[in-house]
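Side chains are part of it too, since the values below use all heavy atoms of this structure and drop only hydrogens, waters and symmetry mates. Both counts, for ligands and for their atoms, begin at 1 and track the order of listing.
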Amino acid sequence: MPQNLFGSIEKLKGVGAARGEKYRKLGITSPFELIYHIPRAYLDFGSYVPIAQAVINDHNFLKLTVLQKMRPTRIRGGLVICKALATDGTDDILIVIYNNVYSFNAIKENETYYMYGKVTGTFLRKEISAPSYIKAEENVAIQPVYHLTQGLSVNMIRTNMRQALDIMRSEPFETLSEAVRSEYGLCPLMYALENIHFPETPEAAEIARERLAFDELLKLQLGMSLIKSRSREKTAFRMDSSIGIEGFTSLLPFELTDDQRKAVDEIIADLCRSVPMNRLLQGDVGSGKTAVAAAACWFAAKNGIQSALMAPTEILAAQHFNTLSTLLEPSGIRVCLLTGSMTAKKKAELHSAIAGGEYDVIVGTHAMIQKDVEYAHLGLVITDEQHRFGVAQRAALAEKGDSPHRLVMSATPIPRTLAFIIYGDLDISVISHLPKGRKPIKTYAVTSKMRPRVFNFVREHLKNGLQAYVVCPMIEDSDSDLLAVKSYAKKAAEGDLKGCTTALLHGRMKTAEKEKIMKKFRDGEIQVLICTTVVEVGVDVPNAAVMVIENAERFGLSQLHQLRGRIGRGSAESSCILITDNTSEDCITRMKIISSSTDGFEISREDLRLRGPGDFFGSAQHGLPPLKIADIACNMELMNMAQECARKLLEADPELKAPENRALRMDTMRLFSREITV
Ligand code: ADP
Ligand code: MG
């Protein structure tokens, strides 16, 4: 492989420190990464329409000859407007370009261009604003559309892309053997990379995309297999089904819902088999997954088996510890909490007690998977809010036991195919209905002008003995105009919420402090918790019935749904109020969706749709490396092919150490650079 392919992006001609910085903003640091900056779509300039047929207020392709360029004019605020008159023979149109003299200068009078942009105006006088364009005689009818950043144009990217591809072409490398390529009908890598960026036909782009998507799915499969513990074939501890679960259900302050009961039964059946369980418990926020996990822990403990429950935050771990110890200790089950912020002395004590088998259920954060933690007889591992953990962390917990049974819990609906990649061959239990008696949460989006009324509304609820959350996006003040929780809390306590008990909670506070405040809030001593998204996952205080979210535009749909899931957990009617002054189309759409739906599955679907295929795998959602090309939901067939190919490759060469697999192994490692450390 040519070395400078992995050197700094500044090595390319014409890329200096300034442009290099812009590339870095896009996550591109080397020519290689530039090559993998895959177009998100293509403009097919070949399909242009006559001006007379352009759809007004929509994007159109036109073929225009520039008649006359006018002098750029500067208006207030330093904005520069450039205009040119153009024609296509059927009609005239005004080209308008804002603040981009560079782009305007590149247009020449009497030249013909393919242009793509939004057309506005009336049938008498039309304008096309800020169009993308290429010269008509340049023999490319198809132009890629890239994610751009301010000051980095398509044309610059195209120039640098050619240079990067030249470097690669000087010593082309290939990750798939000829045999594999012909078996799955895939083009060579070099062809794929050239044609994804500079296709001559839509078909060539498609062939390229298929190869690159296959590569990505294959690497995903290989990476997951290399990470996964190899203990799947072993036998797990087989539990005794005659113990039953009634001893547990009689401890609960409520009756399990039908869905919970079914999930518990499925889990118990798995635990009584000798093959390790590998099950996903999927249920919307507030559906009661914790009670199901508690049932599993109870059953394991009655079988003399240790369980571990890992949560992504200390607040959540502490809460689970509270819930589980209250529920389980009456039947003699010993529960402990192990988190990273405990003192070394406390941890050492816990470590020896856990290794000595003094605890049946260990609740904690990733502190429980550290090297020095040993378990006496760990047979069941549960990961809550699984998407918060990386694949490697989940695997590390499972490796602590002797091929333990595994349960992962999540509120994020994951497409079946994706679940398969993340967890391998797994079973799914679904809780589709919330416990009875819940009233649907009412959600409203308002502007900041309404804030005084919002606080009146909050105070009304406090008077009735209920509690509230106020969520801000930031901790400290910064240059941005986002609300910071520290100063906000102070202001609210002296102003809008004067006379109410309020408290501040954010991620940078000491753990002991956080726990103290959560406890007070849970006990009702604090009426309003003014916080950041530290409360986003799992927090369960049923008496809290109002949530105000400031700068709501800052949050994605799924995140808003998770946050809102903190309320609507008790019998009181709950309300969520989103405050935003953002009037972008995108924000308005999100506010509409979240206000009109409380169904996590529907919201997640909309979220994926809005974020687009480029971000389909928002890695935060699944703990997987972000994919750029493949869209698993739509690529089922390709997925199956990649899966089969991965299996065959690993059968022949389990660690991909053979010379012909070296490039593939390296490429896989690169995709999983955060996960695999070898
Ligand atoms: P999640 O699925 O989001 O983790 P939790 O396990 O935190 O949900 O449960 C949400 C709330 O619902 C908790 O207060 C819990 O005590 C309550 N709950 C769970 N199951 C039931 C049930 N069957 N009937 C009534 N309340 C329940
Ligand atoms: Mg939960």
Note: A291 and L256 closest approach over all heavy atoms is CB-CD2, 4.2 Å
Within the structure, does [X] bring an N/O atom to less than 3.5 angstrom of an N/O atom in ligand 1?
X    : result
Q319 : no
G286 : yes
G288 : yes

Which residue and atom name correspond to the protein heavy atom nearest [atom], and how close is it?
atom                    : result
atom 20 (N) of ligand 1 : Q260 NE2, 2.9 Å
atom 13 (C) of ligand 1 : D540 OD2, 3.0 Å
atom 19 (C) of ligand 1 : F254 CZ, 3.5 Å
atom 7 (O) of ligand 1  : R569 NH1, 2.9 Å
atom 6 (O) of ligand 1  : T290 OG1, 2.6 Å

Is the backbone of [Y] close enough, under 3.5 Å, to the side chain of [X] for a donor and an acceptor to pair up by distance?
X    : Y    : answer
Q306 : A376 : yes
Q260 : T257 : yes
R451 : I579 : no

Note: L256, heavy atoms under 4.0 Å from ligand 1, region reported as backbone
Under 4.0 Å between heavy atoms, the region of P435 that gets near ligand 1 turns out to be side chain
Original post:
Between F455 and Y488, what is the ring plane arrangement, given parallel below 30°, perpendicular above 60°, and tilted in between?
Top reply: tilted
Checklist entry - Are K442 and E573 ion-paired here, with the side-chain N under 4.0 Å from a carboxylate O? => result yes
Ion pair check, K520 and D523, cut-off under 4.0 Å = no
Heavy-atom proximity to atom 23 (N) of ligand 1 ranks first, among H433, E255, H320, for E255
Looking only at non-hydrogen atoms, the one of Q562, R438, K289 nearest atom 11 (C) of ligand 1 is R438
**Request:** State, without any angle test, whether D284 and H561 hold a side-chain donor-acceptor pair at a distance under 3.5 Å.
**Result:** yes
Exercise. State whether a side-chain donor-acceptor pair under 3.5 Å links T511 with S341.
Key: yes
**OP:** Check whether any heavy atom of A411 sits under 4.0 Å from an atom of ligand 1.
**Re:** no
| message | Other residues, nucleotides and ligands only: do more than 12 of their heavy atoms fall within 6.0 Å of CZ on R569? | response | yes
As an exercise, identify every atom of ligand 1 less than 4.0 angstrom from a heavy atom of [X].
X    : result
P542 : 14 (O)
V285 : 3 (O)
T257 : 23 (N)

